[in-house]
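Have a look at the structure below, then the notes.
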Amino acid sequence: MKITALSEGPFSVDFSKVFTPVELDTYVPEHHPAGTTLLSVHPFLVVTSEEVILLDTGLGLSEGHELQLYRSLRREGLEPTQVTKVFLSHLHKDHTGGVGTIQANGKFQFNFPNAIYYVQERELTFALAQKDNPSYHPATLQALALHPNVHFLNEEEGALTPDISFQVTGGHTPYHQTLTITHDGKRYFYGADVLPQKSYIQQNFAYKNDYDGKRARAFRKEYAEQGQDWIFLLCHALSKPIVSYPDLMKK
């Protein structure tokens with residue numbers, strides 16, 4: 001098995017949920033509005049002997065006329081048609097932007113035509129009801145609701161494969177879900193936006209941008225207590241998106 005972070009780059013994000021590309025070497029926090037967050041966006045690619053899996057799909061940005069995700073996959077020797085599963089931790093646009101593309105004719109085209117998309121159904125119901133919320137992309141939500149390749153998850157926890165399991169945590173969004181991969185005696189944990197950066201577990205605040213910040217904080221406390229042997233996948237890390245527990249706790 002191989003796990004790779006497919007970076008879309010660093011961004012500053014303000015209250016309007018606009019993702020603005022930045023150069024980390026020249027970024028000056030004081031030059032940006034109060035409340036601006038600095039983060040990177042990393043979907044993760046999991047390749048096993050039988051599966052090609054994406055953990056979230058990032059913002060769906062393009063370089064020239066090519067989707068960044070496509071370019072990243074091809075650097076790994078893969079084509080988009082080879083992706084078998086897409087797991088969506090939640091439905092904010094920085095995690096679902098690469099799901100599909102609106103064509104010139106107005107139709108929504110899924111970027112990974114042979115993949116099964118795993119979506120928490122209650123999360124989709126909640127997201128569809130969020131009118132004019134800049135965290136979501138309505139066309140993507142509507143397309144997911146109708147796509148025949150979407151597998152709706154309703155359980156609090158379950159398995160995608162014998163080695164890959166999910167758990168509904170809530171916290172960041174009402175039905176946010178995390179993923180655990182067990183392989184060759186190692187445990188890889190994808191906390192998505194409940195644990196997106198090292199600082200979240202080191203400082204462990206109840207963040208105001210979470211739907212239920214106290215619930216998310218409680219889960220991070222569990223991960224700190226239980227995860228000494230885990231490898232963590234950090235979707236918004238500015239550096240080292242794949243870290244061991246000692247690295248996670250190191251400031």
Side-chain angles (χ1 to χ4, degrees), residues 1-8 40-58 69-90 95 98 112 114-120 149 151 153 155-169 171-172 176-202 216 219-251:
M1 184 185 73
K2 182 180 180 182
I3 300 179
T4 306
L6 307 179
S7 177
E8 289 188 306
S40 289
V41 177
H42 305 284
F44 288 92
L45 171 68
V46 181
V47 180
T48 72
S49 59
E50 298 178 346
E51 304 275 6
V52 177
I53 304 169
L54 284 177
L55 309 184
D56 289 328
T57 65
L69 272 178
Y70 282 6
R71 185 169 295 185
S72 296
L73 283 171
R74 286 168 178 147
R75 279 197 289 264
E76 298 298 317
L78 297 165
E79 290 296 320
T81 52
Q82 292 177 266
V83 174
T84 57
K85 290 180 170 60
V86 176
F87 173 80
L88 297 176
S89 63
H90 63 295
H95 292 257
F112 307 101
N114 297 325
I116 298 172
Y117 289 77
Y118 289 84
V119 177
Q120 185 61 226
N149 282 8
H151 179 88
L153 304 171
E155 313 94 322
E156 293 299 307
E157 58 184 30
L160 272 60
T161 74
D163 297 330
I164 302 176
S165 60
F166 71 90
Q167 179 186 16
V168 174
T169 60
H172 183 64
H176 177 284
Q177 50 193 2
T178 61
L179 197 82
T180 299
I181 303 168
T182 305
H183 182 76
D184 283 348
K186 295 181 180 180
R187 181 168 178 165
Y188 301 83
F189 178 72
Y190 179 52
D193 273 2
V194 166
L195 181 52
Q197 295 179 323
K198 288 172 59 172
S199 61
Y200 274 61
I201 206 162
Q202 294 171 354
F219 271 105
R220 287 192 291 273
K221 182 179 179 182
E222 287 186 19
Y223 307 149
E225 293 171 350
Q226 300 174 8
Q228 287 87 347
D229 298 323
W230 301 0
I231 298 169
F232 293 82
L233 312 180
L234 306 176
C235 61
H236 291 317
L238 291 170
S239 63
K240 294 185 178 180
I242 302 176
V243 299
S244 65
Y245 182 85
D247 283 340
L248 182 73
M249 305 304 291
K250 187 185 301 181
K251 295 185 178 180

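These numbers were taken from a predicted model, which means no experiment stands behind them.
- Proximity of E76 to V47: side-chain heavy atoms (C-beta onward) are nowhere separated by under 4.5 Å.
- The minimum heavy-atom distance linking N114 with T81 is given by the pair ND2-O, 3.0 Å.
- Residue pairs meeting the side-chain hydrogen bond (donor to acceptor under 3.5 Å, both in side chains) criterion with at least one partner in residues 178-188, sequence neighbours excluded, do not occur; the list is empty.
- Side chains of I201 and Y223 form a contact here, defined as non-hydrogen atoms less than 4.5 Å apart.
- Using a 4.5 Å heavy-atom threshold, the side chains of I181 and M1 count as touching.
- The side-chain heavy atoms of C235 and D193, taken from C-beta on, include a pair separated by under 4.5 Å.
- The backbone N or O of H95 sits less than 3.5 Å from a side-chain atom of T57, completing a donor-acceptor pair.
- Evaluated for a side chain to side chain contact (heavy atoms under 4.5 Å, CB included) with I53, the options L160, I164, I3, V86 yield exactly one hit, I164.
- Within the 4.5 Å cutoff, no side-chain heavy atoms of H42 are placed close to those of L6.
- What you find for P80 and F112 is that their closest heavy atoms are O-CD2, 3.7 Å.
- Between L54 and F87 the shortest side-chain heavy-atom distance does not fall below 4.5 Å.
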For T84 and I116, run side-chain contact (heavy atoms from CB on, under 4.5 Å): C-alpha distance rounded to whole Å, both residues' side-chain angles, the deciding distance at 0.1 Å, then the answer. CA-CA 6 Å; T84 57; I116 298 172; over 6 Å; no

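- In this structure, the separation between CZ on F232 and OH on Y190 is 14.5 Å, given to the nearest 0.5 Å.
- Counting non-hydrogen atoms of other residues, nucleotides and ligands closer than 6.0 Å to CD of E222 gives a total above 12.
- Between the side chain of R220 and the backbone N or O of Y200 there is at least one donor-acceptor pair closer than 3.5 Å.
- Residues Y118 and Q177 approach most closely at O-NE2, 4.3 Å, considering heavy atoms.
- Using modelled atom types, one side-chain atom of Q82 and one backbone atom of E79 make a donor-acceptor pair closer than 3.5 Å.
- A donor-acceptor pair shorter than 3.5 Å can be found between the side chains of T169 and H176.
- No donor-acceptor contact under 3.5 angstrom links the side chains of H90 and D56, judged on distance only.
- Residues that satisfy the salt bridge (Lys or Arg N to Asp or Glu O under 4.0 Å) test with K85, not counting sequence neighbours, are E51.
- In this structure the side chain of V168 reaches within 4.5 angstrom of the side chain of Q120, judged on heavy atoms.
- Taken to the nearest 0.5 Å, the OG atom of S239 stands 6.5 Å off from the NZ atom of K198.
- Taking every heavy atom of both residues into account, S40 and A237 meet most closely at CB-O, 3.1 Å.
- The structure places CG of L179 at 9.5 Å from OG of S89, a figure rounded to the nearest 0.5 Å.
- Of all non-hydrogen atoms in F166 and A159, the two that sit nearest each other are CE2-N, 3.9 Å.
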Just do the side-chain contact (heavy atoms from CB on, under 4.5 Å) check on L78 and L45 with the steps written out, would you? CA-CA 11 Å; L78 297 165; L45 171 68; 3.9 Å; yes

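- Taking all atoms of both residues into account, the shortest heavy-atom contact from P43 to L69 is CG-CD2, 4.0 Å.
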Acceptor/donor pairs from residues 240-251 side chains to any protein atom, 3.5 angstrom cut, sequence neighbours excluded:
unit_1	atom_1	unit_2	atom_2	d
Y245	OH	A224	O	2.7

